[in-house]
Amino acid sequence: MDYHSEFRRSIDHPDDFWREQADQIDWFEPPKTIWQPTDNGHGQWFPDGVLNSSDVALDANIRAGRGNQTALIYDSPVTNTKRSYTYSELTDAVARFAGALKDRGISKGDRVIIYMPMIPEAAIAMLGCARIGAIHSVVFGGFAAHELAVRIDDAKPKAILTASCGIEITRVIEYMPLVNKAIAQAVHKPECCIVYQRPQAQADMQAGQDFDWQELVASAQPADPVPVKSTDPLYILYTSGTTGKPKGVVRDNGGHAVALNYSMKLVYDANPGDIYWAASDVGWVVGHSYIVYAPLFAGCTTILYEGKPVKTPDSGAFWRVVQDHGVNLLFTAPTAFRAVRKEDPEADQLSRYNIKSLKRIFLAGERLDPPTYEWLKEHTNLPILDHWWQTETGWAICCNPVGIEMMATKPGSATMPSPGYNVQVVNPNGSQMPAGEQGQIAVKLPLPPGCLMTIWGDDERFRKSYLEPIPGFYSSGDGGFVDEDGYVFIMGRTDDVINVAGHRLSTGEMEEVVASHPAIAECCVVGAHDDLKGQVPVGLVLIKDGATIDHDELEDELVEMVRDKIGAIACFRRAMVVERLPKTRSGKILRRVIRQIADGEEYAIPSTIDDPAILEEISQQFRS
Ligand code: COA
Ligand code: AMP
């Protein structure tokens, strides 16, 4: 089958198309109905199917004769550890942990927050929850206590699973003080914490509240996978929206398993037994989909890497992992290779390693800038494949469909819509833009399996954020264009979401933190271009009349506040005091113009501006 026929079939005959894909995974009860609309304006995939995602990821591989194949390799340069699990061993570890969860009274439908570093127990925790039908919500370890508290109050978990510490390049980060601070701040109080003690730091445990992971597992009986409906939630993953409150993206079990299994072939051309490495973190959607679930659904070996592209110990780290484990397919964010290239512009490190096993390199999470694409292409001589997707979709909206037909690549383009995604570039009324002209990128409903079902506890926000802006379409929040050959180019967000080192963050959320400083009258945070991280936030702040504070001191305080409330990953390091903010006559801050000024781009003075002189003043401040 060629790409275009496959794509057409997925759009013209979605029921037949997805029924065939559903047949590729193990169900307890295969679905009879493939698609059913619901009254939130969207719909459900495989509503009468019954399965268990941990069964599909683990037990099904044992049934297929892969029990002795390696399922997961843990490689941790920060602790100098390598460990691997066969499918049988991983199934056993997950079943035992699931038993431990049951012993703590956790059952189907309960929410469980996982706040853990990149250790195998994080994946075991996710799969253990899935095994008993509990809904996991992984919170990235780099988020501060306040962010964790917000998620605790929204998801209302029965338990928190954590570890005593995470290990960063320069420091060991103790997690228990953060967890305790978050619980103290939250209104909802989880019943217990289960803590994995690591030798690098021991957590202080509160009797009756905190339980030792290894002790619970030692006394637990393995639990079988429980049958869940295809439409029962598998997980909630919070992502940044335009306001301070993150959105809890809800993923189902059945659609997710079918779509991710399909994507492994379509997007990555991964086959059972392939060594697949997504260098990301389980706290992000890339980690959910392509460190934990999809490689296991597809019978591959997945790599869980606790380290960075540079400084653990050097810029050869990625090539070393490829060599040591015979990685076939590597997926990471462009920022990781920008960091490698910065330290090793001539790719000298590459010659120290044998990377012959590597067939393709995949990039996503942010725009793949042409210089990074060219550098990778020149030095590795491998196909470098960009693909575009979001936490909301869980798998690629656009990709080079190498599993069906390898298309020529175009630098700057994520190639073609994946089968199932009827991607269109539209203006706000939903009318299609001509080829080559920029507009909003939208997907004609219905979305394919695997995409978000709703926002946890907030159907209204789901409709308002994604379905109402362009009736009949899913609104992606990204802008871009399709060229005459049908290639899709993603040019960036059209809202207040920014992307810092592949981490999705909300400038609105940062503004809320900055505005809470007693000396601040008004503020605005925009994402400015950064050569390494893609974007970094910059604040423009207006001091209250009568407030006397040294500007450098104020900047230090604001930087500390954002670090404390959101986390170090926000990389908020610059706050400039301004006399006024550029606004329209109706009082709207002109963020786009500020961003253009910050990036040193040409900008047109908007006709609606209240006071044009302010733009030159701000421009001078950015240049100074
Ligand atoms: N737990 C606690 N803190 C964390 C953390 C975690 N899991 N991850 C990052 N941080 C902290 C870092 O220690 C750093 O703190 P500092 O300001 O005190 O030094 C801060 O957050 C910023 O970290 P980071 O964004 O990682 O910047 P960096 O300069 O240390 O490293 C890169 C730059 C490019 C090497 C790094 O961002 C990277 O590996 N990016 C790949 C991104 C990625 O995989 N994204 C996932 C989407 S696919
Ligand atoms: P996240 O939900 O964290 O995965 O972030 C999703 C956002 O990252 C998208 O809406 C895009 O703005 C951006 N993004 C992801 N992949 C790409 C890509 N390949 N090209 C351009 N932008 C991307």
Side-chain angles (χ1 to χ4, degrees), residues 3-4 7-8 10-11 242 266-267 333-334 362-374 377 384-393 395-402 405-445 447-448 451 465-499 502 504 526-527 529 534-535 591-593 595-596 599 601-604 606:
Y3 159 74
H4 288 289
F7 177 78
R8 269 295 15 119
S10 74
I11 302 301
T242 50
L266 171 87
V267 184
F362 298 91
L363 294 140
E366 57 175 328
R367 183 163 179 269
L368 171 54
D369 49 299
T372 304
Y373 169 86
E374 300 293 356
K377 186 121 204 75
I384 309 300
L385 303 169
D386 186 9
H387 56 318
W388 168 61
W389 53 296
Q390 313 179 306
T391 304
E392 287 84 346
T393 65
W395 63 290
I397 311 169
C398 287
C399 68
N400 194 321
V402 281
E405 180 187 355
M406 171 96 175
M407 319 288 279
T409 53
K410 289 195 188 185
S413 168
T415 317
M416 301 276 161
S418 303
Y421 288 99
N422 189 348
V423 174
Q424 298 190 11
V425 180
V426 295
N427 66 18
N429 310 324
S431 321
Q432 220 167 324
M433 305 294 285
E437 278 190 32
Q438 283 207 37
Q440 311 197 26
I441 313 236
V443 183
K444 200 162 191 317
L445 295 171
L447 289 168
C451 297
S465 306
Y466 302 108
L467 306 183
E468 284 175 10
I470 312 169
F473 290 85
Y474 164 81
S475 192
S476 73
D478 280 304
F481 64 94
V482 175
D483 75 5
E484 270 157 14
D485 300 325
Y487 280 67
V488 183
F489 290 74
I490 307 299
M491 303 308 289
R493 300 285 308 191
T494 55
D495 55 15
D496 297 331
V497 168
I498 60 170
N499 206 308
R504 175 165 159 183
V526 295
H529 172 80
Q535 284 183 300
R591 287 162 210 280
R592 203 169 105 90
V593 181
R595 207 170 49 230
Q596 287 171 316
D599 290 348
E601 286 174 11
E602 294 276 313
Y603 59 88

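Each residue takes its place number in the sequence, starting with 1.
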By side-chain contact (heavy atoms from CB on, under 4.5 Å) - contacts of [X] (at least two apart):
X: Glu601; result: Gln596, Asp599
X: Glu405; result: Asp2, Tyr3, Met407
X: Val425; result: Met433, Ile441, Val482
X: Ala396; result: Val267, His387, Trp389, Cys399, Ser418

Looking at [X] and [Y], what are the two nearest heavy atoms and their distance?
X: Ala408; Y: Tyr487; answer: O-OH, 2.6 Å
X: Ala333; Y: Leu363; answer: C-CD2, 3.8 Å
X: Gly365; Y: Asn499; answer: O-ND2, 2.6 Å
X: Ser413; Y: Val488; answer: OG-O, 2.8 Å
X: Gly527; Y: Ile498; answer: CA-CG2, 3.8 Å

Less than 4.5 Å apart, any side-chain heavy atom of [X] and any of [Y]?
X: Ile397; Y: Val423; value: yes
X: Val443; Y: Phe473; value: no
X: Thr393; Y: Cys451; value: yes
X: Pro448; Y: Tyr421; value: yes

Under the salt bridge (charged side-chain N to carboxylate O under 4.0 Å, His left out) test, residues paired with [X] that sit two or more places apart:
X: Arg504; answer: Glu392
X: Arg595; answer: none
X: Arg592; answer: none
X: Asp495; answer: Arg493

To the nearest 0.5 Å, how far apart are [atom1] in [X] and [atom2] in [Y]?
X: Leu385; Y: Tyr373; atom1: CG; atom2: OH; result: 8.0 Å
X: Glu366; Y: Gln535; atom1: CD; atom2: CD; result: 9.0 Å
X: Phe362; Y: Asp386; atom1: CZ; atom2: CG; result: 11.0 Å

- Query: More than 12 non-hydrogen atoms from neighbouring residues, nucleotides or ligands closer than 6.0 Å to NZ on Lys377, yes or no?
  - Reply: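 Buried by this count: over 12 neighbours within 6.0 Å.
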- Query: Does any pair with a residue in residues 469-483 pass side chain to side chain donor-acceptor pair (under 3.5 Å), and if so which ones, sequence neighbours excluded?
  - Reply: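 Listed once each, the pairs are Trp388-Asp478, Gln390-Tyr474, Gln390-Asp478, Lys410-Asp483.
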- Task: Could you note down all residue pairs passing side chain to side chain donor-acceptor pair (under 3.5 Å) where residues 425-441 supplies at least one of them, sequence neighbours left out?
- Result: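 Sorted result for residues 425-441: empty, none.
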- Query: By side-chain hydrogen bond (donor to acceptor under 3.5 Å, both in side chains), which residues pair with Asp369, not counting sequence neighbours?
  - Reply: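 Scan of Asp369 (side-chain hydrogen bond (donor to acceptor under 3.5 Å, both in side chains), adjacent residues dropped) gives Arg338, Thr372.
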- Item | Listed partners of Thr494 passing side-chain hydrogen bond (donor to acceptor under 3.5 Å, both in side chains), at least two apart |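 Residues passing side-chain hydrogen bond (donor to acceptor under 3.5 Å, both in side chains) with Thr494: none at all.
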